[in-house]
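Heads up, the thing below is written out as structure tokens.
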Amino acid sequence: MKLLPHLAALLAAVSLYFSPACAQQHSDAIRLNQIGFYPAAPKVAVIAAEAGGAFEVKEAKSGKTVLKGALGDVRTSQHSGKHTRLADFSAVRKPGTYVIEIAGLGKSAAFSIRNRVHRNVAEAALKGFYYQRASIDLPEKYAGKWARPAGHPDEHVLIHASAVSDGRPENTVISSPRGWYDAGDYNKYIVNSGITMGTLLSLYEDYPLYFEDFNTNIPESNNGVPDLLDEVVWNLRWMLTMQDPADGGVYHKLTNPRFDGTIMPDAAKNPRYVVQKGTAATLDLVAVMAQASRIFKNFDNKLPGLADSCATAAVKGWQWAEKHPEVMYNQGAMNKEFDPDVATGAYGDRSVKDEWIWAACEMYATTGKPEYIQNIDLELQQPMALPTWSQVKTLGYYTLLRSAETLKLPAGQSGALRENILSYASKLVTDLENQPYHTVMGKTAQDYAWGSSSVAANQGIALLYAYRLSNDKKYLHAALGNLDYLLGRNATGYCFLTGFGSRRIMHPHHRLSMADGVADPVPGLLSGGPNPGQQDKCAGYPNKFADESFTDSDCSYASNEIAINWNAPMVYLAAALEATMK
């Protein structure tokens with residue numbers, strides 16, 4: 001039964017008010033990680049208002065004061081000019097539930113101090129991918145109140161006129177089921193799947209033991225394969241169908257000509273197409289398949305033949321790319337030449353140098369054959385670039401570092417890789433003590449790009465690599481600070497992961513959450529975050545300041561959409577910190 005809009009909104013507000021984290025009125029000016037803190041880790045709240053010089057930490061239940069402290073010096077935001085002060089309560093280590101109180105401002109929402117404090121965050125962010133699955137029913141047993149019928153079986157997908165090849169003329173029907181819906185829409189894109197899969201597979205390679213008991217209550221749970229990898233397999237098997245078996249090239253995306261409306265997946269009936277093959281899509285698939293093949297060979301008894309299929313796909317894709325080294329996907333040009341026009345996410349790229357680097361590194365790490373990188377300029381003398389869907393070379397660097405001993409990398413090469421990452425991380429933490437929210441995220445306005453939450457998460461990943469290379473805890477603590485940012489210590493006051501926090505995202509631009517009649521959005525999805533471009537022209541943005549340019553409105557695809565390539569680094573950051581913090 002669908003609730004009337006005003007009743008749904010009322011129930012949402014009531015449930016939020018009576019949730020454990022919101023059992024009392026609290027001051028929005030006290031910004032902090034709304035989930036909690038590790039006992040031995042740094043603990044900081046930011047006071048975004050004029051306040052006296054003192055704060056107290058109190059037990060939430062008894063009101064007993066456990067710490068009195070002085071607020072830090074005034075800091076000034078480079079984005080808004082607004083003032084903040086820090087409340088450092090790192091000295092509180094006893095597990096429990098607490099609030100911060102400041103005379104004249106009131107209390108914060110309640111938060112926890114305990115071990116494994118972000119375990120639920122990590123599990124939910126991974127479970128977010130389950131809710132994005134295409135071609136399968138989501139029963140209540142696994143999906144709770146977000147249960148839904150299967151949508152987009154994708155067993156009758158048409159070859160678009162741009163994608164014809166020998167044996168596959170226009171409108172040939174192929175089957176391409178499974179995969180994840182890319183974002184707030186229902187299409188499936190190889191390029192964005194590439195960075196998403198690379199991030200999740202790297203998480204497993206970096207922390208394999210952590211995922212032995214990481215259960216997210218999905219249909220495959222307890223099958224002898226870690227749930228992280230089970231979820232990856234759902235998308236991996238779809239990606240394999242996007243490769244032309246005749247020549248090894250990979251279709252750029254599987255899509256409707258135009259976006260579906262605000263409807264549930266099972267109500268979406270428009271024709272679906274695979275479109276033009278391209279070098280970026282093909283090399284992204286090569287990289288993913290090479291990485292997947294070396295991981296899944298250890299699970300051949302549970303997933304027989306999968307590793308071999310991935311290895312074969314990687315080699316065939318590499319061979320196609322060698323013959324077609326720079327076939328760029330240009331949606332505008334394609335639409336001028338072929339019908340029907342396609343108006344969904346383009347994911348067009350201007351350069352494939354970075355895709356060549358990533359694919360070469362993964363092929364080298366998997367096969368041990370140095371010829372894969374011999375003719376590739378790894379660009380190690382250039383400053384490190386944070387991974388995005390259009391800039392993936394750093395994923396290759398991470399893999400080479402991870403595999404350095406096995407591959408017996410030359411000292412000069414491994415040294416350059418280390419320096420590349422450590423130099424980037426060092427610049428991130430420089431001047432941290434002057435940042436208004438005491439995070440490396442937001443030092444420059446450029447951090448607030450479309451999907452800025454993923455910038456914060458990917459910065460955190462880079463900092464964790466720097467910590468593992470150097471054992472310097474300043475990098476670990478800065479990575480934790482970026483998780484604090486995502487969970488509430490930011491200029492908006494929002495916790496950006498749906499289903500969490502005392503000030504939580506309720507209206508993401510996400511068709512499933514908008515159309516399902518459930519007041520609460522699908523949980524475990526990372527909102528895009530502040531974006532001063534405000535390309536959606538949605539009403540509700542508070543101002544144009546880079547760090548505040550956010551609105552919790554479902555019309556705001558520029559600041560409040562979700563996307564798989566944003567969720568993946570959120571999973572990595574939360575899970576890796578859980579695996580690291582003791």
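Ring centroid separation for the pair Phe89 and Tyr98 does not come in under the 6.0 Å cut-off. Two rings, from Phe214 and Phe211, have their centers less than 6.0 Å apart. Taking the six-membered ring wherever Trp is involved, the centroid distance between the rings of Trp318 and Tyr372 falls below 6.0 Å.
In this structure, Arg489 forms no cation-pi arrangement with Tyr437, as its terminal cationic atom is not both closer than 6.0 Å to the ring centre and no more than 45° off the ring axis. A cation-pi arrangement, defined by a distance under 6.0 Å to the six-membered ring centre and an angle within 45 degrees of its axis, is absent between Arg133 and Tyr142.
Distance check, rounded to the nearest 0.5 Å: CD1 of Ile421 to OH of Tyr424 gives 11.0 Å. Distance check, rounded to the nearest 0.5 Å: OG1 of Thr366 to CE of Met289 gives 12.0 Å. Atom CD1 of Ile195 and atom OG of Ser390 lie 8.0 Å apart (nearest 0.5 Å). Put simply, CD on Glu205 and CZ on Arg294 are 4.0 Å apart, with the number rounded to the nearest 0.5 Å. Distance check, rounded to the nearest 0.5 Å: CD of Glu578 to OG1 of Thr580 gives 9.5 Å. Atom CD of Glu362 and atom OG of Ser403 lie 7.5 Å apart (nearest 0.5 Å).
In the model, His118 has no side-chain atom that pairs as donor or acceptor with a side-chain atom of Glu123 under 3.5 Å. Residues Asn223 and Asp230 have side chains that bring a donor and an acceptor to within less than 3.5 angstrom of each other. Side-chain contact annotation: Asn560 with Ser527, donor-acceptor N/O pair under 3.5 Å present. Donor-acceptor pairing under 3.5 Å is lacking for the side chains of Asn471 and Tyr475. Using modelled atom types, one finds no donor on one side chain facing an acceptor on the other under 3.5 Å when comparing Glu561 with Trp566. Of the N and O atoms on the side chains of Ser202 and Gln291, at least one donor lies less than 3.5 Å from an acceptor on the other residue. Under the 3.5 Å distance criterion, with hydrogens and angles disregarded, a donor-acceptor pair is assigned to the side chains of Asp206 and Tyr465. The closest side-chain donor-acceptor pair between Trp238 and Ser176 falls under 3.5 angstrom. Donor-acceptor pairing under 3.5 Å is lacking for the side chains of Asn33 and Tyr485. Looking at Tyr347 and Asn192, their side chains do bring a donor and an acceptor atom within 3.5 Å of each other. No hydrogens or angles considered: nothing links the side chains of Asp154 and Ser135 as a donor-acceptor pair under 3.5 Å. Using modelled atom types, one finds no donor on one side chain facing an acceptor on the other under 3.5 Å when comparing Ser559 with Asn531.
The shortest heavy-atom contact between Ile562 and Ala183 is O-CB, 3.0 Å. Nearest heavy-atom pair, Ala466 versus Ala425, reported as atom, atom and distance to 0.1 Å: CB-CB, 3.4 Å. The minimum heavy-atom distance between Leu378 and Cys361, with the atom names listed, is CD2-SG, 4.0 Å. In terms of heavy atoms, Leu464 sits closest to Ala479 at CG-CB, 3.9 Å. Scanning all heavy atoms of the two residues, the minimum distance from Cys495 to Ile505 falls at O-CG1, 3.4 Å. Of all heavy-atom pairs spanning Pro139 and Tyr130, the tightest one is CD-OH, 3.6 Å.
Residues Lys473 and Tyr467 are in side-chain contact: their nearest non-hydrogen atoms beyond the backbone lie under 4.5 Å apart. Side-chain contact between Asp472 and Leu422 is absent, with no heavy atoms from C-beta onward closer than 4.5 Å. Gln34 has its side chain within reach of Arg503: a pair of non-hydrogen atoms, C-beta onward, lies under 4.5 Å apart. Side-chain contact between Leu487 and Phe496: absent, with no pair of heavy atoms (C-beta onward) separated by less than 4.5 Å. You'll find the side chain of Met239 stays beyond 4.5 Å of the side chain of Arg237, heavy atoms only. Taking the side chain as every heavy atom from C-beta outward, Lys316 and Thr282 never approach each other to under 4.5 Å. You'll find the side chain of Ser193 stays beyond 4.5 Å of the side chain of Asn565, heavy atoms only. The shortest distance between side-chain heavy atoms of Tyr329 and Asp349 does not fall below 4.5 Å.
Side-chain atoms of Thr498 never come within 3.5 Å of backbone atoms of Pro521 as a donor-acceptor pair (strictly under, hydrogens ignored). Side-chain N or O atoms of Trp356 include one that pairs as donor or acceptor with a backbone N or O of Pro325 at under 3.5 Å. No donor-acceptor pair closer than 3.5 Å links the side chain of Lys302 to the backbone N or O of Asp300. Distance alone, capped at 3.5 Å, is enough to place a donor-acceptor pair between the Thr279 side chain and the His324 backbone. Formation of a donor-acceptor pair under 3.5 Å by the Asn567 side chain with backbone atoms of Leu526 is found in this model. Trp450 places no side-chain N or O within 3.5 Å of a backbone atom of Gly529 that could act as its donor or acceptor partner. A donor-acceptor contact shorter than 3.5 Å is absent between the side chain of Asp182 and the backbone of Tyr189. Although no hydrogens or angles enter the test, the distance criterion places no donor-acceptor pair under 3.5 Å between the side chain of Arg178 and the main chain of Ala134. For the pair Asn420 (side chain) and Ala416 (backbone), a donor-acceptor distance under 3.5 Å is absent. Without hydrogens or angle criteria, Gln243 side chain to Ala313 main chain gives a donor-acceptor distance under 3.5 Å.
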How far apart are the C-alpha atoms of Ile461 and Leu203, what are their side-chain angles, what is the distance that settles it, and do they pass the side chain to side chain contact (heavy atoms under 4.5 Å, CB included) test? CA-CA 10 Å; Ile461 294 172; Leu203 172 60; over 6 Å; no
Please assess Leu386 against Val455 for the test side chain to side chain contact (heavy atoms under 4.5 Å, CB included), listing each intermediate value before the final yes or no. CA-CA 8 Å; Leu386 204 65; Val455 173; 3.9 Å; yes
Given side chain to side chain contact (heavy atoms under 4.5 Å, CB included), test Gln132 with His510 step by step and report yes or no. CA-CA 10 Å; Gln132 290 293 100; His510 179 234; 2.7 Å; yes
Determine, step by step, whether Phe129 and Thr216 satisfy the side chain to side chain contact (heavy atoms under 4.5 Å, CB included) criterion, reporting the C-alpha distance in whole Å, the side-chain angles of both residues, the deciding distance to 0.1 Å, and the verdict. CA-CA 11 Å; Phe129 286 92; Thr216 56; over 6 Å; no
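The number of heavy-atom neighbours closer than 6.0 Å to CD of Glu371, taken from other residues, nucleotides and ligands shown, is above 12. Remark: Glu433 CD is packed, more than 12 non-hydrogen atoms of other residues, nucleotides or ligands lying under 6.0 Å away. Within a 6.0 Å radius of CG in Asp431, other residues, nucleotides and ligands contribute more than 12 heavy atoms. More than 12 heavy atoms of other residues, nucleotides or ligands shown are found within 6.0 angstrom of CD on Gln374. By the neighbour-count criterion of 12 heavy atoms within 6.0 Å, atom NZ of Lys443 is densely surrounded, having more than that number from other residues, nucleotides or ligands.
Between Tyr186 and His152, the two ring planes are tilted [angle within 30° to 60°].
Comment: Asp284 does not engage Lys253 in a salt bridge, judged by the lack of any side-chain N to carboxylate O separation of less than 4.0 angstrom.
Remark: Pro39 pairs with Ile113, Asn115 by the side chain to side chain contact (heavy atoms under 4.5 Å, CB included) rule, at least two apart or across chains.
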